[in-house]
Amino acid sequence: MERKHRTMIELKNILKERILQILGPKYPISMHDLDISYPPDIQMGDLALSFPFKLAKTLKQSPRTIAQQMAPLLCSLEHIHKVEIAGGGYINLFLSRDRFFLNQLEKSEETSLSADETKVIVEHTSINPNKAAHIGHLRNSCLGDTLVRCQQYKGEQVEVQNYIDDTGVQVADVVFGFLEIEKKNLKEIQKIKGRFDHYCWDLYTQTTRFLRDNPEAQDRKADILKNIELGKKPESDVALYVSRQILKAHLRTMKRLGVSYDLLACESDIIILKFWESAFNLLKDKNAAYFVDSGKHKGCWVIKLEGKAEQEKILVRSNHTVTYVGKDIAYQLWKFGLLDADFFYEPFIQQNSQTVWITSSHKTHHKKDFGKASRVYNVIDARQAYPQQVVTQGLKSLKFKEQAEKSVHFSYEMVALSPKSLQELGYNVSEEEQDKDFLEVSGRKGLGIKADDLMDRLEQKALNEVEQRNSDWPAPKKAQTATDIACGALRYFMLKFARNSIIVFDFEDVLSFEGETGPYLQYTLVRINSIFNKLGIKKHAEKESLRSDILSQSLSLNSLPANEQDDYWDLVLHGSQLDEEVLHSTRTLEFLHLAKYTFNLCQKFNAYYHKYSVIQEKDEKIRNLRILIIGYIYNILQKALDLMGIPQPKQM
RNA sequence: ACGCCUGUAGCUCAGCAGGAUAGAGCGAUGGAUUCCUAAUCCAUAGGUCGCCGGUUCGAAUCCGGCCAGGCGUACCA
């Protein structure tokens, strides 16, 4: 009986099983050898088998000879209409094109992926709530949000958390600035007009400078930090106000990118609810943490790093305060449901139709079930690899082996600034800095590009482009389209690089809407939309009914002109690989695969679009086939853009 | 000093669980607008895959060494 495949992944699995059945009894071949890849050129075949190379040694025959013996046996494979030997010993398979395409069209709404976990937590964004978000934070959120979308697409239940360090040193700095430099009380702070996060951006820089020039003020700052932790007024009230205001600003910024969260987990609640005490008890019980009574760490509680002789990391300082890593171990334990402590929750804001929850230290009437994940991703930049390793070590030392393995530091490199872009921003670049390839973004120094400023600039540029092309549109439509394009441009930009590639920020690159960019992808979708519009089809239901009309007729790609057949087939084949790319991206945590796949699909489509007209085509069979392929690509493209969080304007 | 990462076209980057002729965008040059929107498409030029050695039928990809750059190794986060 014929087995239907929903996607290329499934077809490959079906083929692998069958090949193993056929060749297994005669040759020493395993599932592992049976990797099915793609030939470099569609003329050479649709799928490629390279296992003859792997068998050459054991069989003491040339790969080509082996391929020649095997090829005839594979001719009977379902879905395959031709087998060829190529190169030094490849076996290339040609699919039955009509059958494959019809199968794809029938099953286009399904995926072949499935969940592996009971619950996945992704923590991302986690910006210190003391200043405006900058481009480095945007990279974090774009990567994190794409991970979330891909995991959901795969079928996982995903919970998105954003960690709010509302009692940390950075918040204390700004509180110091307000109280000691500006001499403002809470009421006066509340009266500040304009973008509060941008105000604090400057104040933070000013404070850093002040503290550098006035070392004696450090005592007062330490005092502030302590009072924030202890909940003493007025410092703690100011800290709370500042951190909540900035948090709201961050959420607004991220909303512009289509990024949202399920839970905002606050460090202040971790402290009040004594998460650390619970974790500390566990660590002490199992001798995972121990007290040091001599040497440079005298008086501290530390944890040992596995495999690294003499390496220990401080969890509790000699003044009895807990380090960030210590609190993070407690938080990580809680995420896995391993801690004998829990938060309370209350709604923080409504975003679209979704409630964003925040932790609370007071009992509330809301019954929520956050945490208890079976896998956790922490989206944190590469410079924090070491503390992240300590967090995982905490789990390991407590013998939570499985959880340690499923604690993933989703690491990515920073966004840096070129000396050139710094000059564009009006900074004085020193000679020493001039010679560097890039300079690190520094919130402390105020060195960086604020996320909102960049978004504003992108939107302005997009608006100019929209004006040029569609001057007759109503203003709100122009504005919305510009917003969509700006978001698409930024999100694609953040995804197109490998994680461990440092992005040296350049305005020209980000502001580009041509070539390998988000707007290129959006434009491709707009073009397809436009064809449907001209065909008089605007609604999804109309598209579906046209599709089923066409599908009810007997169709064959052979009806297409000879030169078109391969171009058409190339689109079909490429389009079928979305799930494979999502899986690949999710496994490697490299979403550039998905990005580049989508870009590639658009390139192929745009070339096709240019060569073959749908509306002008007189031959009904050909026209129908073209309608099918553009609808097919449209669906795939929509899914791909959704996964990357790239908005889909109807026109542009 | 140790640990991790990076070095591929003029520039920015893919490709690295070994596999067919090393790709894309930008930039450069030359073309396409009786058009389903040129935010597009087509063509041309451009490479010692940092260097040396090793493993292999086969190395940009794996291993070792060297060179260059970055990041990290806080009682910061």
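This one's a predicted model, so the numbers in the text were calculated from it and none came from an experiment. Just the heavy atoms: all of them, side chains too, but no hydrogens, waters or symmetry mates, feed the values below. Chain letters run A, B, ... following the sequence lines, proteins first, then strands; residues in each count from 1.
- Here the P atom of nucleotide B/C76 and the CD atom of A/Glu229 are 12 Å apart, to the nearest Å.
- Note: A/Leu454 CG to A/Phe507 CZ = 6.5 Å, rounded to the nearest 0.5 Å.
- With no hydrogens or angles considered, no side-chain donor-acceptor pair links A/Tyr324 and A/Glu267 at under 3.5 Å.
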Using a cut-off of under 3.5 Å, enumerate the N/O to N/O pairs linking the protein to nucleotides 71-75 of chain B.
from  : atom 1 : to       : atom 2 : distance (Å)
B/C75 : OP2    : A/His297 : NE2    : 3.3
B/C75 : O3'    : A/Arg317 : NE     : 3.2
B/C75 : O2     : A/Ser318 : N      : 3.0
B/C75 : O2     : A/Ser318 : OG     : 3.0
B/C75 : N3     : A/Ser318 : OG     : 2.5
B/C75 : N4     : A/Lys298 : O      : 3.1

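- Look at the P atom in both B/A22 and B/A60: the space between them is 10 Å, to the nearest Å.
- Residues A/Arg457 and A/Glu459 are not paired through a salt bridge, judged by the lack of any N-O separation under 4.0 Å between the basic side chain and the carboxylate.
- A cation-pi geometry, defined here as NZ or CZ lying under 6.0 Å from the six-membered ring centre and within 45° of its normal, holds between A/Lys461 and A/Phe513.
- The nearest whole Å value for the distance from the CD atom in A/Gln43 to the P atom in B/U21 is 17 Å.
- Remark: A/Arg444 engages A/Asp173 in a salt bridge, criterion side-chain N to carboxylate O under 4.0 Å.
- Pair check for B/A43 finds B/U29; Watson-Crick or G-U wobble, both atom distances under 3.5 Å.
- At a threshold of 4.0 angstrom between heavy atoms, the contacts of A/Asn92 include nucleobase atoms, whether or not backbone atoms are also involved.
- Of the two residues near RNA chain B, A/Phe497 and A/Gln616, the one whose nearest nucleotide lies more 5' is A/Phe497.
- Taking atom P on both nucleotides, B/A9 is separated from B/C51 by 11 Å, rounded to a whole Å.
- Put simply, CZ on A/Arg499 is 12 Å from P on B/A14, counting in whole angstrom units.
- With salt bridges taken as basic N to acidic carboxylate O contacts below 4.0 Å, one links A/Glu229 and A/Lys327.
- When each of A/Asp509 and A/Asn128 is assigned the nucleotide of RNA chain B bearing its nearest heavy atom, the one mapping closer to the 5' terminus is A/Asp509.
- Atom-to-atom, CD of A/Glu516 to P of B/C26 comes out at 9 Å; the value is rounded to the nearest Å.
- Backbone-only engagement by A/Leu592 is indicated by non-hydrogen atom pairs under 4.0 Å involving sugar-phosphate atoms exclusively.
- The side chain of A/Ile615 approaches B/C36 more closely than any other nucleotide in the set B/C36, B/A24, B/U56.
- Atom pair A/Lys54:NZ and B/U56:P shows a separation of 17 Å (rounding to whole Å applied).
- Here B/U12 presents its P atom at 13 Å from NZ of A/Lys496, a figure rounded to the nearest Å.
- Side-chain contact check for A/Gln468 and A/Asn464: no donor-acceptor pair (N or O, by modelled atom type) lies under 3.5 Å.
- Put simply, OH on A/Tyr597 is 18 Å from P on B/A24, counting in whole angstrom units.
- If you take CG of A/Asn500 and C1' of B/C13, they are 12 Å apart, rounded to a whole angstrom.
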All N/O contacts under 3.5 Å from nucleotides 37-40 of chain B to the protein, with atom names and distances to one decimal?
from  : atom 1 : to       : atom 2 : distance (Å)
B/U37 : OP1    : A/Ser530 : OG     : 2.2
B/U37 : OP2    : A/Lys534 : NZ     : 3.1
B/U37 : O2'    : A/Tyr523 : OH     : 2.9
B/U37 : N3     : A/Met652 : O      : 2.8
B/U37 : O4     : A/Met652 : N      : 2.9
B/U37 : O4     : A/Met652 : O      : 2.8
B/A38 : OP2    : A/Arg527 : NH2    : 2.5
B/A39 : OP2    : A/Arg469 : NH1    : 2.4
B/A39 : O5'    : A/Arg469 : NH1    : 3.4
B/A39 : O4'    : A/Arg469 : NH1    : 3.4
B/A39 : N9     : A/Arg469 : NH1    : 3.1
B/A39 : N7     : A/Arg469 : NE     : 3.1
B/A39 : N7     : A/Arg469 : NH1    : 2.9
B/U40 : OP1    : A/Gly515 : N      : 3.2
B/U40 : O2'    : A/Arg527 : NH1    : 2.7
B/U40 : O2'    : A/Arg527 : NH2    : 3.3

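- Note on A/Glu564 versus A/Arg626: salt bridge recorded, some NZ/NE/NH1/NH2 to OD/OE distance being below 4.0 Å.
- Across all strands shown, B/G64 forms a Watson-Crick or G-U wobble pair, both distances under 3.5 Å, with B/C52.
- The side chain of A/Gln603 sits closest to B/G25 out of B/G25, B/C13, B/A77.
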